[in-house]
Student: 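Please find one structure pasted underneath; my questions will follow.
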Protein chains: 2
Amino acid sequence: MVYQTKTGEMIMKKQKKEDRRVKYTKMVLKESLIDLLSQKDISAITIKEICEEADVNRTTFYAHYADQYDLLRQIEDELLQNLKAYITVFKQKKADAIFVDILEEMFEYIKANAKLCKLLLSKEGNLDFQKRIMMLVYDTNLVAKPNETLKKGEEEYVYSFVITGCVGVIHKWLEEGMKHSSRIMAGMIINSVKNLPVTFE
Amino acid sequence: MVYQTKTGEMIMKKQKKEDRRVKYTKMVLKESLIDLLSQKDISAITIKEICEEADVNRTTFYAHYADQYDLLRQIEDELLQNLKAYITVFKQKKADAIFVDILEEMFEYIKANAKLCKLLLSKEGNLDFQKRIMMLVYDTNLVAKPNETLKKGEEEYVYSFVITGCVGVIHKWLEEGMKHSSRIMAGMIINSVKNLPVTFE
DNA sequence: TCCAATAAACAACATTGTGTTGACAAATCA
DNA sequence: TGATTTGTCAACACAATGTTGTTTATTGGA
């Protein structure tokens, strides 16, 4: 058996091993769904449609995804993973970055992927995606050090408040065509939360 | 023609005129969908299923709703309208109610409808519903008087921040089985927002 | 480079859900 | 009661679904 090595290696191999055809297929299917999503709700999109637009056989679709929702989920995954990687790289490159810098960078990334982000956060969007953004923020330790004045158990609620609040602001920013700069938006959030019983970074 | 009167009267009549049979049909269909929603995602629920569970002919379903999503939307509508009415009545009954009282009452209402609220805010839930809750909060003037220290345009973002933040807190509260009392939750939100550049009531 | 193993893509299939139609029965309300 | 509305049912054509076995492309080792 080739794969009887360390888990890490296995995963590495699996990633590299993706067939050119598979790569292409997945790419066009993703593009097709994103395109259709800008026209109508995911529930109104059929697999037949996605495949016709992508010029891929329907059977091929089923070989990779269970349904439209599964495909969307993987699109979301990709975006979130890329964002995470982007922030990680930024943190390494600029070790002295403070919270506002990282937030600004986050807004920049969202801006660069505005079309997709807007779709995923649109009114037809899924609450699960919002939750996963929250988990990401949580994981990357953007929000930290709950104030000691808080009772135990309360801090979790303040976290929820802040993170969902941030998502709401991002959403509004996208909807209004990103009129303000990333720096201004980052500053606005800092300003909103600076008096909350949590501190950052 | 009977209905050639003032628009107001027409609507009144239309509302009152709902047939008992129609009422029953709509009721069982709503119950059926809510029941199915606790088992699986709305996208996996077929109209056939809903009708079988409700023991209603599929044709009858189509007489009232376009699809599952339309039915769900109307369930949401009903919940939001009832909440709005509930708060309005409370405000009239207790004219000296301050913000924390109204918030508490809101949590009480959500608690009384916990099963449905939880479903609608679950990870499969729709962002549109969240947005409509926000509109409701906005309409009932729960959040008011933006601080004059804010630049124009910024206040809107703080609104978004606060309201989505609140929804996040409600969500977490429901998910964790409503361990804290409504009063405590209301206090927690007040505590979170009291230092924000907005005031309440 | 070539060959064999592997996996992807495809066309055709039966199945299922959809949404609509028209005829009929039951319930409503004035 | 009698006119009207609404629900029911059977049947319909249609479209989307998910699975079958077969063909074709890619990869990695000799």
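Fair warning: this is a prediction, and the values are worked out from it, not measured in the lab. Just so you know, these numbers use all the heavy atoms, side chains as well, and skip hydrogens, waters and symmetry mates. Lettering of chains follows the sequences in order, A, B, ..., and the numbering in each one begins at 1.
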Student: Taking the nucleotide of DNA chain C with the nearest heavy atom to each, does A:T60 or B:Q68 sit closer to the 5' end?
Tutor: A:T60

Student: Look at the side-chain N and O atoms of A:H64 and state whether any lies under 4.0 Å from the OP1 or OP2 oxygen of C:dA8.
Tutor: no

Student: Please answer whether the main-chain N or O of B:I98 pairs with a side-chain N or O of B:D101 as donor and acceptor at a distance below 3.5 Å.
Tutor: yes

Student: Using atom CG of B:D67 as one end and atom C1' of C:dG19 as the other, report the distance to the nearest whole Å.
Tutor: 11 Å

Student: Of all the heavy-atom pairs spanning B:F90 and B:A97, show the shortest one and how long it is.
Tutor: CE2-CB, 3.9 Å

Student: Return a single string for nucleotides 22-28 of chain C, one symbol per nucleotide in 5' to 3' order, where B is base contact, S is sugar-phosphate-only contact and - is none, cutoff 4.0 angstrom on heavy atoms.
Tutor: ----BBS

Student: C:dC10, D:dG7, C:dA8: which one has an atom nearest the side-chain heavy atoms of A:V22?
Tutor: C:dA8

Student: Using salt bridge (Lys or Arg N to Asp or Glu O under 4.0 Å) as the criterion, list what pairs up with B:K172, not counting sequence neighbours.
Tutor: A:E156, B:E176

Student: Please report the distance, rounded to the nearest Å, between OH in B:Y62 and P in C:dT20.
Tutor: 8 Å

Student: I need the CG-C1' distance between A:N57 and C:dA7, as an integer number of Å.
Tutor: 15 Å

Student: Tell me the interatomic distance from B:F61, atom CZ, to C:dT18, atom P, rounded to whole angstroms.
Tutor: 9 Å

Student: Would you check if the side chain of B:Q68 reaches a backbone N or O of B:I47 as a donor-acceptor pair within less than 3.5 Å?
Tutor: no

Student: Holding to side-chain contact (heavy atoms from CB on, under 4.5 Å), I want the full list of residues that pass it with B:S122, two or more places apart in sequence or in another chain.
Tutor: B:E124

Student: With the side chain counted from C-beta on, respond yes when A:N126 and B:N126 share a heavy-atom pair under 4.5 Å apart, and no when they do not.
Tutor: no

Student: Run the salt-bridge test on A:K118 and A:E175 with the 4.0 Å N-O cut-off and return the result as yes or no.
Tutor: no

Student: Which pairs count as salt bridge (Lys or Arg N to Asp or Glu O under 4.0 Å) when at least one residue sits in residues 30-49 of chain B, sequence neighbours excluded?
Tutor: B:K30-B:E78, B:K40-B:E49

Student: Whole angstrom is fine here: how far is it from CE in B:M27 over to C1' in D:dG7?
Tutor: 16 Å

Student: I'd like to know whether CD of A:Q81 has more than 12 heavy-atom contacts from other residues, nucleotides or ligands below 6.0 angstrom.
Tutor: no

Student: Tell me the closest heavy-atom pair linking B:Q74 and B:H64, and the distance in Å.
Tutor: NE2-O, 4.3 Å

Student: Could you state the OH-C1' distance from B:Y65 to C:dT20, rounded to the nearest angstrom?
Tutor: 20 Å

Student: Between B:E108 and B:S182, is the side chain to side chain donor-acceptor pair (under 3.5 Å) condition met? List the steps.
Tutor: CA-CA 6 Å; B:E108 279 298 310; B:S182 296; 2.7 Å; yes

Student: Please round to 10 degrees the angle between the axis of the first five pairs and the axis of the last five pairs in the helix from C:dT1-D:dA30 to C:dA30-D:dT1.
Tutor: 40°

Student: Near DNA chain C, counting only heavy atoms under 4.0 Å, which residues of residues 34-56 of chain B show up?
Tutor: B:T46, B:I47, B:K48

Student: I need the CG-P distance between A:D70 and D:dT17, as an integer number of Å.
Tutor: 14 Å

Student: Once you round it to whole Å, what is the distance between C1' of C:dT20 and CZ of B:R58?
Tutor: 10 Å

